[in-house]
Amino acid sequence: MNEPIFEANDLSRSFTVGSSPFRDLANHFLHDRQPTVLRAVDNVSITLAEGETLGVVGESGCGKSTLARLIAGILPVSSGERRFRGEAYESLLARKRDALKIQMVFQDPLSSLNPRLRVGEIVGEAAVLHGVVPRAKVKDYVVEILARVGLPADSVGRYPHQFSGGQRQRVGIARALAVKPQMLICDEAVAALDVSVQAQIINLLMDIKRDSGLAMIFISHDLGVIRHLCDRVAVMYLGRVVELAKTSELFASPTHPYTRMLLEGMPKISMQRRKFMPIQGEIPSPLNPPAGCHFHPRCPIATDHCREIRPELREIKPGHMHACLNIEAR
Amino acid sequence: MNIADFQDFARRFAESRSAVISLAVSVLFIVCAVFAPLLAPTDPYDLTQLQLSDALKPTGSKRMLPGEEVRANIRVDGGTASVQPASPTPTRLSIVASPCGPNCLAVGVEPPDAKLASLQVRNLPAGATVEGGRKHPIQPWWTLDNPDSNQARITSAGPLPAGLTLLAIAKSLEQETGFVFRLGTDNFGRDMLSAILYGIRISVYVGLVAAGAAMVLGTALGLLAAWRGGVADAVIMRAVDFMLGLPALLVGLAILAILGNGVSKVVLAVVIVQWSYYARTARSFAISELGKEYVEAARCLRLSPVRIMLRHVLPNCMPQIIVLFTLNIAAAISMESSLSFLGVGLPLTRPSLGMLIASGYEFIFSQKYWISIYPGIVLLVMIVAMNLLGDRLRDLNNPRLDR
Ligand SMILES: Nc1ncnc2c1ncn2[C@@H]1O[C@H](COP(=O)(O)OP(=O)(O)OP(=O)(O)O)[C@@H](O)[C@H]1O
Ligand SMILES: [Mg+2]
């Protein structure tokens, strides 16, 4: 495999829940309650090759969006390192022009567009500011980008609320494309759209990927979409990656019990889109996850072992990794 | 904003008739404020123009010139008479004297149509009399009451002695002038129309400058608190809570009691009171905006925090801040007048609308309503117009509300 475009090593991000400077001060003196720490992303290591599309799936609240924001460089890490083309983010983010190479498409098409700016400015602003295109030529440039995502030229002067959901998402994609990114992170980019519109947006993303060879991280809880779009898939559970494999391999022979349960809930008719089927057992609170393997309370093959030891992600076949203590390569 | 945008904005604005009317009224008030010195018939700040005889005159009365006293020494030498004015201050009237035949001297005033209350000639020699006059019981003084022709004729049996010096004293009646107090006068004899025009000037100035400065300061602090969070947020918001907990008028009173009165100090007091409203509003709306994905998108586009706050977050908080601004203009005007009423705001010599209302308050039950009512109407119209204008601007400012 060639040199990865992006690489994350032991990435973690915690949030302190229910803290304020005054409460912290009080706690400091009273040795009262410790503020609760929520590990939204817990020791995640992934790589992304040039031109590759990596899918990330997992239930709601498992830390997919947090991971996306860490990768986009708009959320600081608690620990771990992120590298883009071998360069650590700390130095990359200081050079804004280069940090632009990582862009993101958001879930909510309306709230991800500033309601008070016209589409022309939404798409063109950063490109002009960072010198991607000279100010004098920005109008033509924006029209060209809009044409690429399938929006008419007169969209330039309109406000986001004057568009439909699918068109808004196209504006969001145009905004990311306008600064010539090399890596695109799509955080549930189609989840808020109607089914028919979802297909259009997915086709648009695939066209863009084919034309420009963009590396992509595609986050979704729609397994059908992931299977359709991605080269490799990472499955997340409560902040941890539990299985990582090529798409075909993962769908054909999932090894981790959690992945198997996910896929069992999915109808066999390929290409049929499907949301998660409810899995037996309750999703534990991310504030107070089970010790050892987070999945053990719901796992059919859990042993005492699983309650104590945290399983690390390990390779069981070339290119196929999972975090389960009990299952070995078949 | 280019021309097409502006035309579009103006067209949408004009769809509401009440908004157009209030815009016209507000512009009128601003014109009044700017051109008050040109529009006002008198300068209400010029204390030398005030005369107590004009005090509390009703609407439409004319200014009266008070009567004056003119003195002159008249030196009679043979057939001629020379007049030497002897009044301590310059006067409108002047005394003239001329011989009117042998043994006769006419003493009169210029201009001849002035109404005199009396004309007195002193130091007449024995044997000389003033026609129609009466003599002082002891002194050689002759007085003519209400002279028809403004003239006293001195006649004597023999020729007047050479080197004779007479003293003539003319007292004129109150005189009506062409100047009309269109809105009456206050208790200092100030023309209410002029006072109201200058009062609008002060109110508009205090309202705009104080509310504007408070808006800039408070919004900046609110945005800072929202953006930095943590300790900066805690400190700023505790200061806001503290300020909001204190009664506005009391704070204003305390500040002005320390600093003394004057327009700039009133402005300062209003800013100190009002910034907290803007800070609280700006912070809460900025925090809710900062949580939206478009801010994350802007961060991902590597825009600078200052640009994100000012170009993306601030405009989305602006409608609420503008509503607050219009309300606070009215609040600033009312705070200024309250402070003036309590005697710490503006000096008495520079009346604002609020102070005029306050100063007429004690006369309103003696039917001298005009001192309070006219400034009151002006203030009311001004506040209503500004609020309607602000409402319309808020609606236009929010593209989603606009169809
Ligand atoms: N700023 C934050 N402060 C505190 N907790 C947070 C914050 N952001 C996320 N979390 C918590 O981190 C966990 C992971 O959140 P995240 O948004 O990454 O999940 P997700 O997988 O994207 O979920 P969804 O599918 O619902 O979008 C959640 O429990 C969430 O409550
Ligand atoms: Mg999410």
Side-chain angles (χ1 to χ4, degrees), chain A residues 19-25 65 68-69 71-75 92-118 121-127 129-130 132 157-162 171-172 175-176 178-179 181 184-185 187-188 192, chain B residues 1-5 7-9 12 225 228-239 241 285-322 394 396-403:
Chain A
S19 91
S20 80
F22 285 102
R23 201 181 297 171
D24 291 352
L25 201 66
S65 296
R69 281 156 177 74
I71 298 173
I74 55 177
L75 192 68
L92 177 80
L93 292 178
R95 283 176 290 113
K96 296 190 166 175
R97 184 72 206 272
D98 294 326
L100 274 185
K101 299 279 180 262
I102 306 159
Q103 281 306 314
M104 187 159 167
V105 176
F106 294 85
Q107 170 170 4
D108 182 350
L110 189 54
S111 93
S112 68
L113 303 177
N114 185 341
R116 309 187 43 85
L117 296 184
R118 291 166 196 273
E121 171 134 31
I122 290 175
V123 176
E125 182 185 18
L129 278 178
H130 294 294
V132 175
R158 294 202 273 158
Y159 288 100
H161 71 273
Q162 296 170 311
V171 173
R175 172 175 61 193
V179 293
L184 191 64
I185 303 148
D187 182 13
E188 316 242 18
Chain B
M1 199 139 94
N2 58 33
I3 294 165
D5 280 353
Q7 281 172 345
D8 184 47
F9 183 81
R12 288 190 296 148
R228 298 307 299 259
V231 176
D233 185 22
V235 169
I236 291 173
M237 292 327 285
R238 257 12 83 199
D241 290 346
F285 283 99
I287 283 182
S288 93
E289 291 300 321
L290 281 171
K292 295 193 178 158
E293 287 183 343
Y294 73 81
V295 172
E296 289 183 297
R299 299 240 302 279
C300 200
L301 292 165
R302 321 299 168 191
L303 304 181
S304 69
V306 174
R307 188 175 176 91
I308 293 176
M309 292 310 289
L310 297 185
R311 184 90 182 91
H312 293 254
V313 173
L314 179 59
N316 281 294
C317 305
M318 230 31 223
Q320 286 76 16
I321 292 175
I322 283 180
R394 176 192 55 189
L396 290 184
N397 221 340
N398 189 346
R400 269 166 299 184
L401 273 186
D402 197 61
R403 275 171 296 119

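Numbers restart at 1 for each chain; the letters A, B, ... are given by sequence-line order, proteins then strands.
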Query raised in the report: Measuring heavy-atom distances to chain B, does A/Arg97 have an atom under 4.5 Å in its side chain, in its backbone, in both, or in neither?
Result: neither
Report task. Return the option, out of B/Arg299, B/Glu289, B/Glu296, with the maximum number of heavy-atom pairs under 4.5 Å with chain A. Result -> B/Glu296
Query raised in the report: Do B/Asn316 and B/Tyr294 have side chains that get closer than 4.5 Å, going by heavy atoms?
Result: yes
Requested in this report: Examine whether an atom of A/Leu100 lies under 4.5 Å from a heavy atom of chain B, and if so say whether it belongs to the side chain, the backbone or both; otherwise answer neither.
Outcome: both
Report task. Answer whether the closest heavy-atom distance between the side chains of A/Ile74 and B/Arg302 falls below 4.5 Å. Result -> yes
Query raised in the report: Looking at B/Leu303, B/Leu290, B/Leu314, which one forms a side chain to side chain contact (heavy atoms under 4.5 Å, CB included) with B/Met309?
Result: B/Leu290
Report task. Quick one: which of A/Ala99, A/Gly73, A/Pro181 has the most heavy-atom pairs under 4.5 Å with chain B, could you say? Result -> A/Ala99
Requested in this report: Could you look at A/Gln107 and say if it's the side chain, the backbone, both or neither that has a heavy atom under 4.5 Å from chain B?
Outcome: both
Requested in this report: May I ask you to check whether over 12 heavy atoms, not counting those of A/Arg95, lie within 6.0 Å of atom CZ?
Outcome: yes
Report task. Examine whether an atom of A/Leu117 lies under 4.5 Å from a heavy atom of chain B, and if so say whether it belongs to the side chain, the backbone or both; otherwise answer neither. Result -> side chain
Requested in this report: Compare every heavy atom of B/Met237 with every heavy atom of B/Ala225, then report the nearest pair and how far apart it is.
Outcome: CB-SD, 4.5 Å
Query raised in the report: Side chain, backbone, both or neither: which part of A/Ile185 has a heavy atom under 4.5 Å from chain B?
Result: neither
**Report entry** Side chain / backbone / both / neither for B/Arg311 at chain A, heavy atoms under 4.5 Å
**Finding:** both
**Report entry** Check ion pair A/Asp108-B/Lys292 (N to O, under 4.0 angstrom)
**Finding:** no
Query raised in the report: How long is the gap from CD1 on A/Ile102 to CG on A/Leu92, to the nearest 0.5 Å?
Result: 5.0 Å
Requested in this report: Please determine, among A/Arg175, A/Gln103, A/Gln162, the option with the most heavy-atom pairs under 4.5 Å with chain B.
Outcome: A/Gln103
